[in-house]
Each structure stands twice: as C-alpha cells, then as structure tokens.
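Below: the structure, in structure tokens.
Small disclaimer: the values here were computed from a predicted structure and weren't measured. Below, each value reflects all heavy atoms present in this structure, side chains not excepted, and no hydrogens, waters or symmetry copies.
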Amino acid sequence: MFKNSLSMVLNHHQLPRYIRKEKDDIDAPINTTSIPIIDLHLLSSSSSQEKEKELEKLKSALTSWGLFQAIGHDIPSTLLDELQRTAKEFFDLPMEEKHKYSVNFNGKQDWIQGYGNDLIISDDQVIDWSDRLYLLVKPLDQRNYNLWPQYPTGFREILNKYSMKTHQAAEIVLKNMAKLLDLEENYFVHLAADNAPTFARFNYYPPCSRPDLVYGIKPHADGGAITIVLPDKEVEGLQVLRDDQWIKVPIIPDALIVNVADQIEIMSNGELKSPMHRVITNSEKQRISVAMFYLSEMEKCLAPAPELINEIKPMLFKKMKAQEYADMYVKHTLQGKRAIDFARV
Ligand SMILES: O=C(O)CCC(=O)C(=O)O
Ligand SMILES: [Fe+2]
C-alpha cells in the first residue's frame, strides 16, 4: 500500500481518493488579518520592558490564533536553505532510492517512520496530495538510522544540526508559554527534554492539476505539544482557521511557523488553542516544508494543569496517557476528524 507514491503518475482509479469532501471554496481565504510575528530574541532580552511587551504579544498570538511566525530564532538562514535544498534533493531522487526508506513500523513503539504517504485505514478516507519522510530525531538512542537517507550526502548531518537549533527555539517557546499562563517557568520544558520524542516530517507537495479539489494536507490540528515548521521559501500553501475563516500564512523570509498542538491545549485547559490548519496544492509549483513535532513522553500523563482549573473554568479534558492520546490521534486524524474532541470531559 505504500508503494504507490505520488511521484509516480497517478492513474485515474486512484484519483477519487484524493478529492476533498468539504464544499467550501478553496480560494475563499482573505488576507486582511495578519498572522502575529514574534521575535524570540526579544523574549530573552535583557530589557525587562522589551521582554514583557513581547510576552504580551505572544499571549495574544497563542490565545487567539494558536500560531505565529517566529523571527529572531537564531537559526542562520544558510542552515535553513541547506535543509530545504537537502529535502528537495531527497524528493528528487529516483523512486527506487526513496523506497529504501519506505514507511515501516518501529515494532517496539508503534511509531510510523520513513518515506510514504497517508496510512490507509478505511475505504472512504481522503488521501493527502503529498509524499513525506517522517523520522524520529530524539531521543537520540532511539533514532533509526536505517531510515535516515544516505543520499543526498549531508542529509543526516544537516537534520541533526537543524534539530539542535529548533530544540533551543522550542525551549524558549515552552518557557514563555508557561509564563504567560502564570505557571512555573519550567512547567512545559519537559516536552522538549532529551527523553521526550521529537519527530521531523519532510513534506513534499507535487504540483496538482486540481487545487480546487485536492488538499496537500487535509484540515487537521497537530497531535504533539508544539510544532515548528520551516515553510517553503517561495510557494505559499499553508492556511490556518480562525473564527471559521481560512487565513493564508504568508511567506516571511527566514521566519519559522510555530503552532500550539493538542497536548498543550489539553495541559493549558484550553487557554492555548491548537489551531486547525491545512495545506492547499498548487497547479504549477511543487512545495516543500519541514515540520518538527515536539511531543510528551509516551508514558507521561496528559492533564490540564491544576492551577488552571477553577469554578469558572472547570477541567475541560480528561486525564490520559500520552500514548493513549497518540493512538487516538492517528485514528481520528487520518479520517479527517478532530482528535481532541474525544478527549473532552
Ligand atoms: O506544509 C506546511 O506548511 C504545514 C505542514 C503541516 O501542517 C504538518 O506537517 O503537520
Ligand atoms: Fe500540521
């Protein structure tokens, strides 16, 4: 089932499986509202005034959007370019080469890793118009290097370097998220700790002749704690849902997109929102993005912080193991359903 990959010519028997079911006009998004931009550097500024101001901006971004464009992240633009180029070179390889890394299950953890597209679990599932390479980058001792491409040479080194950099950005974001909720500063940092899982997902969206009918990625919210995305430098496609309207996320050179994911929505008792987002296709151009997903350790319990529960704001989510949530997430998300709704009290 993983053998039919988009980069091969699709035959018309497969095509209906990609047609989206929503009736909304995909060109409807309006661009009048601008996505918040947060300077991570200012969040650690020595001027407390500057810091407080940026923290307020972050608070408003995360409570009303759940997503922002991060600048001042300290990742050199040469590294971002290298990562993009390496990703492109990988997806440009012949199919036989890419299939050496075909999706498989890591028996022990049930984690899906490798090259492929949507796992098919039901007949009426709509499939995304994308190929992906999905790799566990942390904990280090659980990396499966058999699935880390040998070509293009330098892939492994660049991903390693990039993941160390995004790790620092993730820590800054997690610390400031706790601050803005009046929680102890380190309340969320374990979500980026060495033993908490981080996945990298390289998304490749080939041109698609019917962008009006087919999604690059169907509407979804992410299932981890936070996600950091390096979007394509030239081709837009990501959209975020806000007040029932799809808003385009514009390209800002070298900015990374950071979004709240379900585990933080649960732990913050709904104060911070894990936004629905989707990627649309382009009839002429391919698009590549790299998402880094920061997740809780699977053995840990997910539950709203007790400090954020009171008479006015009762506990909104059930307590459950991160592993339990992850299993539920995969099942619902593949079918286009919102997993977090099944975790509500
Ligand atoms: O391609 C993008 O810009 C976003 C990708 C995404 O939402 C994901 O990988 O979960
Ligand atoms: Fe996503």
Side-chain angles (χ1 to χ4, degrees), residues 1-29 84 87-95 98-99 101-103 112-135 199-223 227 229-241 246-249 251 257 259 275-291 293 330 332-338:
M1 108 178 80
F2 300 114
K3 298 293 175 216
N4 50 9
S5 200
L6 274 180
S7 317
M8 295 196 287
V9 179
L10 278 166
N11 68 47
H12 53 272
H13 299 297
Q14 288 171 297
L15 205 52
R17 303 224 47 174
Y18 291 87
I19 310 280
R20 69 199 191 101
K21 293 185 176 138
E22 290 84 349
K23 293 279 173 282
D24 68 321
D25 176 2
I26 206 137
D27 281 327
Q84 273 284 353
K88 179 176 182 314
E89 281 173 18
F90 172 76
F91 288 115
D92 281 348
L93 289 173
M95 200 45 78
K98 287 184 283 193
H99 275 312
Y101 309 99
S102 276
V103 164
I112 306 163
Q113 286 193 71
Y115 172 72
N117 43 25
D118 283 1
L119 173 68
I120 296 174
I121 59 167
S122 80
D123 284 343
D124 61 353
Q125 192 181 326
V126 178
I127 307 170
D128 294 337
W129 191 262
S130 69
D131 282 355
R132 306 180 181 122
L133 176 65
Y134 201 34
L135 298 170
F199 285 92
R201 177 153 88 178
F202 294 80
N203 296 304
Y204 167 72
Y205 310 95
C208 174
S209 58
R210 294 300 303 267
D212 55 328
L213 296 179
V214 176
Y215 284 130
I217 299 190
K218 65 180 85 53
H220 69 285
D222 294 339
T227 306
V229 179
L230 172 66
D232 195 282
K233 259 185 110 140
E234 282 155 21
V235 184
E236 280 182 354
L238 178 62
Q239 301 179 344
V240 59
L241 190 65
W246 289 103
I247 314 275
K248 284 184 195 173
V249 179
I251 295 169
I257 293 150
N259 65 271
M276 288 295 280
H277 53 285
R278 66 184 187 182
V279 174
I280 59 163
T281 47
N282 187 297
S283 57
E284 276 140 40
K285 294 176 185 155
Q286 63 173 37
R287 179 173 182 275
I288 289 175
S289 68
V290 185
F293 301 103
V330 172
H332 293 304
T333 307
L334 281 170
Q335 304 192 72
K337 290 190 211 133
R338 195 123 203 224

On the 0 to 90° scale, with breaks at 30° and 60°, tag the Tyr115-Phe90 ring pair as parallel, tilted or perpendicular.
perpendicular
Roughly how far, to the nearest 0.5 Å, is CD1 of Ile127 from CD1 of Ile19?
11.0 Å
Of all heavy-atom pairs between Lys233 and Ile251, which one has the smallest distance, and what is that distance?
O-CG2, 3.4 Å
Note: Val235 and Gln286 closest approach over all heavy atoms is CG2-O, 3.5 Å
Flag side-chain contact, heavy atom, 4.5 Å: Asp222 against Asn259:
yes
Can you give me the closest heavy-atom contact between Gln239 and Ile280, atom names plus distance?
NE2-CD1, 3.6 Å
Drop me the distance from Glu234's CD to Arg287's CZ, to the nearest 0.5 angstrom.
12.0 Å
Would the distance check show the side chain of Trp129 and the main-chain N or O of Tyr205 forming a donor-acceptor pair, the cut-off being under 3.5 Å?
no
Distance-minimising heavy-atom pair for Pro207 and Ser283
CB-O, 3.7 Å
With rounding to the nearest 0.5 Å, note down the distance linking CD in Gln84 to CZ in Phe202.
9.5 Å
Nearest-0.5 Å distance that lies between atom CG in Asn117 and atom CZ in Arg132:
7.0 Å
Distance col, row Asp232:CG vs Leu238:CG, nearest 0.5 angstrom, shows 11.5 Å
I'd like to know if the side chain of Ser130 and the backbone of Asn203 have a donor-acceptor N/O pair within less than 3.5 Å.
no
CZ (Arg201) and OG1 (Thr227) are apart, to the nearest 0.5 Å, by 9.0 Å
Minimal non-hydrogen separation, Gln113 against Phe199, with atom names
CG-CE2, 4.3 Å
Among all residues two or more places apart in sequence or in another chain, which pass the side chain to side chain contact (heavy atoms under 4.5 Å, CB included) test with Arg338?
Ala221, Asp262, Glu265, Ser274, Met276, Ile340, Asp341
Within the 4.5 Å heavy-atom criterion, are Pro219 and Trp246 side-chain neighbours or not?
yes
On a heavy-atom basis, the closest approach of Asn282 and Pro211 is C-CG, 4.2 Å
Distance-only, no hydrogens or angles: does the Asp128 side chain make a donor-acceptor pair with backbone N or O of Lys218 under 3.5 Å?
yes
If we ignore hydrogens and angles and just use 3.5 Å, is the side chain of His277 paired with the main-chain N or O of His220 as donor and acceptor?
yes
